[in-house]
Amino acid sequence: MGILNDISQKLQQGNAKAVKELVQKAIDDGMKAQTILEEGLMPGMNIIGDKFKKNEIYVPEVLIAARAMNAGTELLRPLLIEDGVESKGKVILGTVKGDLHDIGKNLVRMMMEGKGLEVIDLGIDVDAQDFIEAAKEEKAQIIACSALLTTTMTEMKAVVEAAEDAGIRDDVTIMIGGAPITDAFCESIGADIYKPDAASAAEAAAEVCSA
Ligand code: B1M
C-alpha cells in the first residue's frame, strides 16, 4: 500500500509533520489503526533500529525518528483503545535509584513501543520497590532497568531481591542494560536478560511477551 510505505519512509527521515499528516489521511480514508501501526510506523522504526544496531545511524537520528513515530502513535492511540487492540505485552521501565541518565532508557522505550509493547516509563532515579509495585499493579511481563554508573548498577540487585521478597520473581522477566552492564554482572545478580543496546532489548522483550 502506497501510503503505508510513505509513512515508513517519512518516519525514517524523521519528518514528524509529514508522518502526522499521512497518518491522519490514512485514518480519514478509513484504514484501521492497527494496520497503520503494524504496516506503516513499526516497519519504519524497525529499519531505524537495525541501522542503529549496525552503527549506520546514531543517537540524534534515532531520537528524531522516534519523535516522528510519536507524532503518529499519538493519533492512533485513542483509536487502538477503541478497537480493543491489546498491546503485545507490558514493560515497566526505568533508570535505577541514584541514576539520572535517561537518553539510553528513552531509546529503549521507543524501540519497545515500536515493537507494539506497552511501556510504563517510571523515569529516572527509580526505587527498587517502585518497579515492583508498578509490575504488580500493571501485571507486567517485564521489568526493564537501565543504569549508566558503576555506583548505581548495584541497585539492579535490589530490584531482583525486591521481586523475590514480593513473591513475583517467577512472574516477571527482569531485563537490564546500560553502558557498565555485562552478561557476567547480569548472571551474578540473578537477573534474566542483559542486552547491550536498545534495538536488541526491544527484540528480546517482544520475544518474551510472545512466548
Ligand atoms: Co554522565 N557519566 N554523569 N551525565 N554521562 C557517564 C555515564 C560517564 C561514563 C562519563 C565518563 O566519566 N566518561 C560517567 C560514569 C562513570 C562510571 O560510573 N563508570 C558519568 C558520570 C561520572 C556522571 C556524573 C557522576 C558526573 C558528575 O556529576 N560528576 C553525573 C551523575 C548523575 C547521576 O546520574 N546521579 C553524570 C551526569 C550526566 C548528565 C546529567 C550531565 C548527562 C545525562 C543527561 C541525560 O541522560 N538526560 C550525562 C551524560 C550525557 C553522560 C554521557 C556523556 C553520555 C550518556 C548517554 O546518554 N549516552 C556518558 C559518557 C558516555 O557514555 N560516553 C556519561 C548515549 C546513550 C544512547 O547511551 O545510555 O549507554 P547509553 O544507552 C545505550 C546502551 O547502554 C543501552 O541502549 C542504549 C543505546 O542503544 N541501554 C540499555 C541503556 N539502558 C538499557 C536498558 C536495557 C538494555 C539496553 O534493558 C533494560
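The figures here come from the full heavy-atom set of this structure, side chains too, leaving out hydrogens, waters and symmetry mates. All ligand and atom numbering here is 1-based and tracks the order in the structure.
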Have a look at ligand 1 and work out which part of [X], if any, has a heavy atom under 4.0 Å from it: side chain, backbone, both or neither.
{"X": "Asp102", "answer": "both"}
{"X": "Pro196", "answer": "backbone"}
{"X": "Ala198", "answer": "both"}
{"X": "Phe52", "answer": "side chain"}
{"X": "Val108", "answer": "side chain"}

[atom]: protein heavy atom closer than 4.0 Å?
{"atom": "atom 39 (C) of ligand 1", "result": "no"}
{"atom": "atom 34 (O) of ligand 1", "result": "yes"}
{"atom": "atom 69 (O) of ligand 1", "result": "yes"}
{"atom": "atom 60 (C) of ligand 1", "result": "no"}
{"atom": "atom 12 (O) of ligand 1", "result": "no"}
{"atom": "atom 72 (O) of ligand 1", "result": "yes"}
{"atom": "atom 4 (N) of ligand 1", "result": "yes"}
{"atom": "atom 64 (C) of ligand 1", "result": "yes"}

Nitrogen or oxygen atoms of Leu107 and ligand 1 under 3.5 Å apart = no
Is Ser146 close to ligand 1, meaning an N/O of one under 3.5 Å from an N/O of the other?
-> yes
Would you check if there is a donor-acceptor pair between the side chains of Asn70 and Glu74 at a distance under 3.5 Å?
-> no
Which atom of [X] lies closest to which atom of [Y], heavy atoms considered:
{"X": "Ile47", "Y": "Ser8", "answer": "CD1-OG, 4.5 Å"}
{"X": "Pro43", "Y": "Glu38", "answer": "CD-O, 3.3 Å"}
{"X": "Asp130", "Y": "Leu122", "answer": "O-CD1, 3.7 Å"}
{"X": "Ala140", "Y": "Lys90", "answer": "CB-O, 3.5 Å"}
{"X": "Ala204", "Y": "Ile193", "answer": "CB-CG2, 4.4 Å"}
{"X": "His101", "Y": "Thr95", "answer": "O-OG1, 3.0 Å"}

Is the closest side-chain heavy-atom distance between [X] and [Y] below 4.5 Å?
{"X": "Ile181", "Y": "Met156", "value": "yes"}
{"X": "Leu93", "Y": "Val108", "value": "yes"}
{"X": "Arg169", "Y": "Ile174", "value": "yes"}
{"X": "Asp121", "Y": "Lys105", "value": "yes"}
{"X": "Leu75", "Y": "Gln24", "value": "yes"}
{"X": "Leu22", "Y": "Ile3", "value": "yes"}
{"X": "Leu4", "Y": "Met31", "value": "yes"}

Distance under 4.0 Å to a non-hydrogen atom of [X]: what atoms of ligand 1 satisfy this?
{"X": "Ala201", "answer": "88 (C)"}
{"X": "Asp99", "answer": "34 (O)"}
{"X": "Gly178", "answer": "75 (O), 81 (N), 82 (C), 83 (C), 84 (N), 85 (C)"}
{"X": "Val59", "answer": "67 (C)"}
{"X": "Lys195", "answer": "88 (C), 89 (C)"}
{"X": "Ala144", "answer": "91 (C)"}

When you measure from [atom] to each heavy atom in [options], which option holds the nearest one?
{"atom": "atom 90 (O) of ligand 1", "options": "Leu148, Ile193, Ile176", "value": "Ile176"}
{"atom": "atom 19 (N) of ligand 1", "options": "Ile143, Thr150, Leu149", "value": "Thr150"}
{"atom": "atom 85 (C) of ligand 1", "options": "Cys145, Gly49, Gly177", "value": "Gly177"}
{"atom": "atom 75 (O) of ligand 1", "options": "Ala199, Ala179, Gly94, Gly104", "value": "Ala179"}
{"atom": "atom 48 (C) of ligand 1", "options": "Lys105, His101, Lys97, Arg109", "value": "His101"}

Would you check whether Pro180 reaches within less than 4.0 Å of ligand 1, judged by its heavy atoms?
-> no
Contact between Ala147 and ligand 1, counting heavy atoms under 4.0 Å?
-> no
for atom 44 (C) of ligand 1, nearest protein heavy atom and its distance come out as Ile103 CD1, 4.4 Å
Decide whether Phe185 and Val96 are clustered together by the hydrophobic rule: side chain heavy atoms of Ile, Leu, Val, Met, Phe, Trp, Tyr closer than 4.5 Å, transitively.
-> yes
Looking only at atom types and distance, does a side-chain atom of Asn106 sit under 3.5 Å from a main-chain N or O of Asp102, one as donor and one as acceptor?
-> yes
After noting the C-alpha distance and the side-chain angles of Asp29 and Lys25, does the key distance pass the salt bridge (Lys or Arg N to Asp or Glu O under 4.0 Å) rule?
-> CA-CA 6 Å; Asp29 288 349; Lys25 184 171 183 326; 3.0 Å; yes
